[in-house]
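Structure first, commentary second.
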Number of protein chains: 2
Amino acid sequence: MTSERKRKNTSTRRAVLANEIAQAIRLRAFRPGEWLRQIDLEERFQATRFDVRSALDELAVRKTIEHVPNRGYRVAEVDRKTYEEILATRIILERAAADGIVAHIDDDAIARLEALAARFSQAVLTGSRTEQSEINRAFHQFMYSFCGNAVLEEMIWGLRDRGRGSQITVWSSHELLLKSDREHYEMMAALKARDGQRLAALIATHIIKGAPIGPTPIEPARPAAVTSPG
Amino acid sequence: MTSERKRKNTSTRRAVLANEIAQAIRLRAFRPGEWLRQIDLEERFQATRFDVRSALDELAVRKTIEHVPNRGYRVAEVDRKTYEEILATRIILERAAADGIVAHIDDDAIARLEALAARFSQAVLTGSRTEQSEINRAFHQFMYSFCGNAVLEEMIWGLRDRGRGSQITVWSSHELLLKSDREHYEMMAALKARDGQRLAALIATHIIKGAPIGPTPIEPARPAAVTSPG
DNA sequence: GGCGAAATTATTGGCGCCAATTGTGTCGCA
DNA sequence: TGCGACACAATTGGCGCCAATAATTTCGCC
């Protein structure tokens, strides 16, 4: 308890490293299907082999990557069917978060959200794809943080991460990117009006339209306004 | 290539062991908050220390158990708030599965489900608590297996496992147990009628009533204002 | 030159050892 | 007798080594 820094134990280091690797995958530093060689990761993240393996194990459990015995770990490739299932489940969960969000968010938070939306608008014009992606993530992460249900929130982010392994390009056209941008503002309008129904509907279309798979095989998640009691 | 005796690799053994431990936790062989000593687990499951640790790590990632640095692993204790969040999220997911189930299930499957329901009825009368629990699990697992969304299914089971760490007793009275039993048959009636709405409603009450936490934070199902694709 | 098999290299994976840390019992002192 | 500190025991945890497996290259044969 002196001023010296405490030595981090493995579980912490592993979690940190796992998140770093996960972020690298999000940023497409490793593409779906690509093998993650332990030796490379050791160097890149300045970690011991043991930590690398632990982190990879964790990501494998989280389904961010896939483990093939005696071959190693590779970024999970999500097939179309699974991708559609992920989207469908995301819609179920993220729609369900809407009511909680409108119930708990305050004006200050909406203002901050507005700032993030503005940053996204800027990134649409001048930023790189990964920049757009990260800001978009920040926007939604902040919004969902008000849903009042930590478990729900956690599942949403788990699913979003899993979807990254897909070959399907989000924002396949600039037009869709602009649409996403506009929808952010529509969401905030719904927030200001405290209109959970409308927010839920916007979220659904936001998810569907962002990733244009052929027919939208989405089940009409009925509004189950269930977040934990405040 | 003579005898196809393949040596199991770690990832497999670990997964098996993790599931065995998870089941032991479900069956209350280890109670919430209880420490899982690695040496004991080695003996009990005839595994190496390494495998035990891997399995524990996996369960910690799955949030079935909790890891405390330099103290070890213990069965996760779910506080009331988290428990309510888990229930709320379960309702969201399991309700959403209803439409898929009625769409995909066939008469043969319903017959099998009926058999499981009957076994549960029997267990209510003569079985132990853990027996009831496992048969109930089998009933729901089989039913949800028809939801047509593997990702959704997986999340449902992940959540159900997490809820086990709670101190709240499911079926706190015999009356509730009987009610659960009856509801199984009501669910099958809804299935036969291919009534997704009704099934969803039944699922919601089934989850709420099974675990009587104080105020039920569940709002009644509102009419869906969402367009449903044929 | 093409093809297959054997040798070589690269990479992963099982596992045990011992240091670090925490829990417990005991002893001395007030 | 009560309390604190020290020593001892129990347990966890970091990590590196080397065997097992897969990938690659080389070599010999047709």
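This one's a predicted model, so the numbers in the text were calculated from it and none came from an experiment. The chains referred to below are lettered A, B, ... by the order of the sequence lines, with proteins before strands, and numbering in each begins at 1.
- In this structure, B/N70 places its CG atom 12 Å from P of C/dA20, rounding to the nearest Å.
- Nucleic acid contact class of B/L36 (heavy atoms, under 4.0 Å, all strands): sugar-phosphate only.
- Closest heavy-atom contact between A/Q132 and A/G127: NE2-O, 3.3 Å.
- Nucleic acid contact class of B/V68 (heavy atoms, under 4.0 Å, all strands): sugar-phosphate only.
- Looking at heavy-atom distances under 4.0 Å, A/R71 makes contact with sugar-phosphate atoms alone, never a base.
- Counting only N and O atoms by type, the side chains of A/D57 and A/S54 include no donor and acceptor under 3.5 Å apart.
- Between the CZ atom of B/F50 and the P atom of C/dT12 there is a distance of 14 Å, given to the nearest Å.
- Among the nucleotides C/dT22, C/dG13, C/dC15, the one closest to any side-chain atom of B/D51 is C/dC15.
- Closest to the side chain of B/R49, from the set D/dG13, C/dG13, D/dC15, is D/dG13.
- The distance from atom CG of B/L56 to atom C1' of D/dG13 is 13 Å, rounded to the nearest whole Å.
- Ring centers of A/H67 and A/Y73: under 6.0 Å apart, within the cut-off.
- Here D/dC15 presents its P atom at 16 Å from CG of A/D57, a figure rounded to the nearest Å.
- Of the residues near DNA chain D, B/R53 and B/I39, the one whose nearest nucleotide (by heavy atom distance) lies more toward the 5' end is B/I39.
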